[in-house]
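One structure, pasted below without further comment.
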Amino acid sequence: MQSTPLSPRCVHKFGGASLADGERIRRVGELLFARAPDRPIAVVSAVEGVTTQLDQLAREAAAGAVDMARIRVRHRSLLAQLELDSEHLNRHFAELSTVLAAIRAAGELTQAQRDHVLSFGERASARIVAAHLSQRGLRAVPIDAYDLGLVTDSNHGRARVLPHSAERVRSALERIDAICVITGFVAADSHGRLTTLGRNGSDVSAALIGEAISAREVVFWKEVDGVMSADPKLVPNARRIAQLGYADARELTHLGANVLHPEAVEVLERCQLAGRVRCTRTPGDEGTLVRAGLEPREFLGVATRSNLALVRLRGAQDGDARQIAAHFASRAIDAQLVASDAGEFTFTAAASEALVRAAAQYARPLEVVREVATLAIADRRGLDAQLEQTLAAIGVEPLARWRSGASASLVFALPQARLSAAAGALHDVLQRALTPLGEAR
Ligand code: ASP
Ligand code: MG
């Protein structure tokens, strides 16, 4: 039936940091404008910081207080900066206010209500971006992913998209003759109840939409140059990785390089789809291409995580690890068992007051070490001894070490205050060990 065969399209995903102010949204508009003839499909996150604010708003409502001023001002200010109608999101604010009132009246927050509240972040940003494109003379429509047919299970807060969604999304998108600006992160279950895919889930939405339309490429636009060999804020001479195979991308994201969501990588790999991480500030640069058919690299980089705590039990028995994990899980704390040897179990978890409280409530004494960071070495050359020596030379004593990921990468837990020094020194050693031969890659 189709008259002219159309070339495969690209999906362009924009994270919250790329939508943080009017100037950045204009940059996003520019990127889409330049690609308009290729019928780009945009997937957007909420404006930076908004999801966290909405989460807080939902919890405050359950405790009896509703104050939408901050969230309203944030979005109104963006509309003003872009010279868009300040009333543009009023219908959404009215709906949000109704949901918050219901939560306050009930005095408690269900996971379904929380998802409903969180959905406003992406629903608002999609409307702002689409309105901006329209103002530039493009035909653009905001689309809530659930109206497109992105259907999930009913696991609120961490929903999984059901496989039959792909066909619906594909045919829905084929029928729309405009630039679609689709909400990331948000979907609905088969009863039409709003769900969310878990924090940072917009990457996953973009990959799934890419899968549905057999996209030529899924572009993850960021405010960094691509996938880097280390966090450039910690290691200024970190390098961009030009190309990554799926296994390497999986390894890096698993170890905590938070440039891409690990599940987005899984989706790309499942359908052998190309992904690319690019920077909105330097749109002429190649960024990092994630694709099939590449050999694993020897040195990927160092991946860091901050603001953690270590929880330890000494004199432990085999069954203790499961009991401790269950103890934290029942208090909604995600504690990962990272090491067990010589009767000692070590867990990592995000540092919080709730964690300290939960640890104190355990039947046996748990040691909690706070202000911890982890540094994972994604390198296949077995330079462990050199790394240990380097840490010793700069006077950093690891609090713990273990192995993680498919290639059993070495991970160090360190005092947070020493993370930057340690990351810089280890990255240097690994980078130097590459030359002159390794530079070829
Ligand atoms: N807005 C959601 C979050 O902040 C999803 C995303 O940004 O990908 O977690
Ligand atoms: Mg994000």
Side-chain angles (χ1 to χ4, degrees), residues 11-21 24-25 28 41-59 70-71 74-75 78 89 92 96 99 111-130 142-146 148 150 152 155-161 181-188 194-211 218-224 227 249 253 256-268 275-280 290 305-307 332 334 350 352:
V11 175
H12 297 268
K13 184 261 171 176
F14 298 96
S18 302
L19 306 170
D21 56 39
R24 291 187 186 192
I25 295 176
V28 167
I41 293 169
V43 175
V44 294
S45 293
V47 171
E48 188 171 45
V50 163
T51 306
T52 303
Q53 273 177 24
L54 287 167
D55 200 12
Q56 206 178 331
L57 216 53
R59 269 182 282 125
R70 254 174 85 198
I71 213 92
R74 185 79 201 273
H75 290 96
L78 287 173
L89 296 168
H92 288 85
L96 175 58
V99 185
Q111 287 303 308
Q113 285 170 320
R114 176 174 179 264
D115 276 352
H116 194 165
V117 171
L118 295 188
S119 76
F120 285 93
E122 274 70 11
R123 289 161 70 198
S125 64
R127 276 150 187 94
I128 294 174
V129 171
I143 301 180
D144 296 320
Y146 42 87
L148 208 56
L150 207 64
T152 66
N155 187 11
H156 288 285
R158 230 188 131 57
R160 287 291 151 271
V161 172
V181 184
I182 306 169
T183 56
F185 179 58
V186 182
L194 298 197
T195 53
T196 60
L197 308 185
R199 293 305 303 267
N200 299 316
S202 299
D203 281 353
V204 184
S205 307
L208 287 165
I209 289 167
E211 175 183 33
V218 182
V219 187
F220 301 90
W221 291 95
K222 308 268 161 180
E223 298 302 298
V224 293
V227 179
T253 53
N258 56 13
V259 63
L260 270 187
H261 195 296
E263 279 164 39
V265 176
E266 278 169 33
V267 175
L268 295 178
R276 194 186 284 275
V277 180
R278 301 179 73 160
C279 179
T280 65
V290 180
R305 283 197 171 115
S306 299
N307 303 319
D334 184 18
S352 70

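The first residue in the sequence is number 1, and the count goes up from there. Just so you know, these numbers come straight off a predicted model, no measurement behind them. Counting starts at 1 for both ligands and their atoms, in listed order.
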Item to complete: Can you sort out which atoms of ligand 1 are near Arg199, meaning under 4.0 Å from one of its heavy atoms?
Response: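 Close to Arg199: 3 (C), 4 (O), 9 (O).
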
Practice prompt. Could you tell me which atoms of ligand 1, counted from 1 in the order shown, lie closer than 4.0 angstrom to a heavy atom of Ala46?
Written response: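 By the 4.0 Å cutoff, the relevant atoms are 1 (N).
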
Item to complete: Compute the shortest N/O to N/O distance between Lys13 and ligand 1 and return yes if it is under 3.5 Å, no if not.
Response: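 Looking only at distances, the answer is no, because the N/O contact criterion of under 3.5 Å is not met.
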
Worksheet item: Between the main-chain N or O of Arg123 and the side-chain N or O of Thr183, is there a donor-acceptor pair closer than 3.5 Å?
Response: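 The answer is no, because no donor-acceptor pair under 3.5 Å joins these two groups.
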
Practice prompt. State whether the shortest distance between N or O atoms of Thr51 and N or O atoms of ligand 1 falls below 3.5 angstrom.
Written response: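 Yes.
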
Worksheet item: Do any N or O atoms from the side chain of Glu122 and from the backbone of Ala46 form a donor-acceptor pair under 3.5 angstrom?
Response: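 At least one qualifying donor-acceptor pair exists.
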
Fill in: Proximal ligand 1 atoms for Ser202, defined as those under 4.0 Å from one of its heavy atoms
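Every atom of ligand 1 under 4.0 Å from some heavy atom of Ser202: 5 (C), 6 (C), 8 (O).
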
Practice prompt. In plain terms, say whether Asp115 and Arg158 are close enough for a salt bridge, that is, a side-chain N and a carboxylate O under 4.0 Å apart.
Written response: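 Salt bridge absent between Asp115 and Arg158.
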
Worksheet item: Where does the angle between the aromatic ring planes of His92 and Phe120 fall among parallel (under 30°), tilted (30 to 60°) and perpendicular (over 60°)?
Response: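 Correct class here is perpendicular.
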
Worksheet item: Does Gly184 come within less than 4.0 angstrom of ligand 1, counting non-hydrogen atoms of the residue?
Response: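 So Gly184 does not count as touching ligand 1.
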
Practice prompt. Please check if any side-chain donor atom of Thr280 sits under 3.5 Å from a side-chain acceptor atom of Ser18, or the reverse.
Written response: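 Short answer, no.
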
Practice prompt. Could you tell me which residues satisfy ring pair (Phe, Tyr, Trp, His ring centres under 6.0 Å) with His75, sequence neighbours excluded, listed by chain and number?
Written response: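 Applying ring pair (Phe, Tyr, Trp, His ring centres under 6.0 Å) to His75 gives none.
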
Worksheet item: Does Glu122 come within less than 4.0 Å of ligand 1, judged by its heavy atoms?
Response: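 Heavy atoms of Glu122 do come under 4.0 Å of ligand 1.
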
